[in-house]
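Below: the structure, in structure tokens.
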Amino acid sequence: MEREIEKAKLKTHLIFAYGTLKRGFPNHYLMEELMRQDDAVLVGVYLTEDYYPLVCGPHGIPYLINLPGSGHRVKGEVYAVSESAVAKLDEFEGVSVGCYERLSVTVAAAAEEEGGGRVEAEAYWGHRRFAEVLWKTKGEVGLKEYGEKEAKEYVRKENRPGGRNTILDLVP
């Protein structure tokens with residue numbers, strides 16, 4: 001028991017995963033790897049407290065856009081992760097090259113049985129450099145949840161044509 005408490009203390013970040021990192025989606029393998037290494041644990045299913053746009057960009061890549069009051073309450077999963085897991089997730093999400101920004105978001109447990117209430121987590125938001133333009137390009141129509149239909153449009157990095165890996169290749 002004492003060992004479990006110590007391990008939980010090492011998971012200092014809560015990450016809200018709303019897209020391909022969720023269970024059953026194309027990049028969940030990364031979360032599974034982090035859980036196997038004891039660097040992450042699933043907390044539960046949550047919804048953003050505020051309304052936000054969630055859209056799919058080029059290659060079916062999902063982007064949560066930091067425009068509170070627009071869109072929907074977005075459904076996703078919260079993971080408690082270690083500092084080293086955050087570093088791996090930041091690398092995967094392209095934080096250093098401006099694909100995503102890791103910023104705070106308030107989320108609430110999707111069901112009472114989750115027992116999680118309301119928590120402050122961090123999410124990977126579409127970078128401010130392009131996010132609002134992407135929202136307008138999508139006709140300001142977003143998703144409540146990234147689902148199977150959207151996942152069918154997703155193209156893994158290694159399979160993207162012409163070396164175009166991110167939305168950054170498409171914006172000035």
Side-chain angles (χ1 to χ4, degrees), residues 1-57 61-95 99-128 131-132 134-135 138 140-151 154:
M1 175 80 165
E2 197 171 298
R3 185 169 180 253
E4 295 305 313
I5 292 170
E6 288 304 310
K7 283 196 244 180
K9 287 180 185 175
L10 297 175
K11 295 173 185 66
T12 57
H13 292 266
L14 293 177
I15 297 292
F16 177 67
Y18 57 85
T20 65
L21 292 174
K22 295 187 310 179
R23 291 173 291 176
F25 291 92
N27 293 318
H28 185 67
Y29 71 88
L30 179 57
M31 299 310 293
E32 289 174 334
E33 178 182 309
L34 293 172
M35 288 187 280
R36 275 192 304 276
Q37 296 168 351
D38 201 33
D39 280 319
V41 63
L42 175 65
V43 176
V45 177
Y46 283 73
L47 294 167
T48 58
E49 186 169 83
D50 289 325
Y51 288 65
Y52 292 101
L54 171 62
V55 298
C56 286
I61 301 169
Y63 294 96
L64 188 60
I65 300 174
N66 196 4
L67 292 171
S70 300
H72 303 280
R73 290 185 71 199
V74 176
K75 187 175 182 181
E77 298 171 346
V78 170
Y79 291 85
V81 303
S82 68
E83 194 67 38
S84 65
V86 168
K88 289 175 186 173
L89 290 167
D90 281 359
E91 165 95 12
F92 180 80
E93 298 290 6
V95 170
C99 293
Y100 289 91
E101 298 178 275
R102 182 171 37 89
L103 303 170
S104 182
V105 63
T106 303
V107 294
E112 284 185 31
E113 62 269 11
E114 295 285 346
R118 186 174 163 255
V119 297
E120 284 297 314
E122 295 172 292
Y124 289 94
W125 301 83
H127 196 279
R128 69 190 78 182
E132 194 168 344
L134 180 59
W135 174 234
K138 294 293 182 173
E140 298 185 359
V141 175
L143 306 165
K144 290 180 181 179
E145 179 177 12
Y146 180 81
E148 288 180 30
K149 177 183 170 202
E150 292 77 27
Y154 181 75

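Position 1 is the first residue of the sequence; numbering continues from there.
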Does [X] reach the main-chain N or O of [Y] with its side chain, forming a donor-acceptor pair under 3.5 Å?
| X | Y | answer |
| --- | --- | --- |
| Lys75 | Val45 | no |
| His28 | Leu21 | yes |
| Thr48 | Val74 | yes |
| Glu101 | Arg128 | yes |
| Trp125 | Leu103 | yes |
| Gln37 | Leu34 | no |

Test salt bridge (Lys or Arg N to Asp or Glu O under 4.0 Å) applied to Arg23 - qualifying residues, sequence neighbours left out
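Residues passing salt bridge (Lys or Arg N to Asp or Glu O under 4.0 Å) with Arg23: Glu77.
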Tell me every residue that passes salt bridge (Lys or Arg N to Asp or Glu O under 4.0 Å) with Glu32, counting only those two or more places apart in sequence or in another chain.
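Testing Glu32 for salt bridge (Lys or Arg N to Asp or Glu O under 4.0 Å), a comparison that skips the adjacent residues, returns none.
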Check [X] against [Y] and note the closest heavy-atom contact, atom names and distance.
| X | Y | result |
| --- | --- | --- |
| Ile65 | Glu132 | CG2-N, 4.4 Å |
| Ser84 | Asp39 | OG-OD1, 3.5 Å |
| Pro62 | Tyr18 | O-OH, 3.9 Å |
| Ala40 | Met31 | CB-CE, 4.5 Å |
| Ala131 | Gly126 | CB-O, 3.5 Å |
| Leu134 | Gly57 | CD1-CA, 4.2 Å |

Looking at Glu122, I'd like to know if its CD atom is crowded, meaning that more than 12 non-hydrogen atoms belonging to other residues, nucleotides or ligands lie closer than 6.0 Å.
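For Glu122, atom CD is crowded (more than 12 foreign heavy atoms under 6.0 Å).
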Distance in Å, [X] [atom1] paired with [Y] [atom2], rounded so as to fall on 0.5 Å steps:
| X | Y | atom1 | atom2 | value |
| --- | --- | --- | --- | --- |
| Leu14 | Ser104 | CG | OG | 10.0 Å |
| Phe16 | Leu47 | CZ | CG | 7.0 Å |
| Asn66 | Asp50 | CG | CG | 9.5 Å |

Using side chain to side chain contact (heavy atoms under 4.5 Å, CB included), reason through Tyr79 and Val43 one step at a time and then give a plain yes or no.
CA-CA 5 Å; Tyr79 291 85; Val43 176; 5.7 Å; no
Side-chain touch [X]/[Y], heavy atoms, less than 4.5 angstrom:
| X | Y | answer |
| --- | --- | --- |
| Tyr51 | Leu67 | no |
| Leu89 | Leu30 | yes |
| His72 | Leu54 | no |

Where do Glu83 and Thr12 land on the side chain to side chain contact (heavy atoms under 4.5 Å, CB included) test, with the steps shown first?
CA-CA 7 Å; Glu83 194 67 38; Thr12 57; 3.9 Å; yes
With side chain to side chain contact (heavy atoms under 4.5 Å, CB included) as the criterion, how do Val119 and Val107 come out once you've worked through the C-alpha distance, each side chain's angles and the decisive distance to 0.1 Å?
CA-CA 6 Å; Val119 297; Val107 294; 3.6 Å; yes
Can you check whether Tyr63 and Tyr100 have ring centres sitting under 6.0 Å from each other?
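That pair passes the under 6.0 Å test.
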Would you please classify the geometry between the Phe25 ring and the Tyr146 ring as parallel, tilted or perpendicular, with 30° and 60° separating the classes?
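Tilted.
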Between Arg102 and Glu93, does any NZ, NE, NH1 or NH2 come within less than 4.0 Å of an OD or OE carboxylate oxygen?
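Result for this pair is no, no salt bridge flagged.
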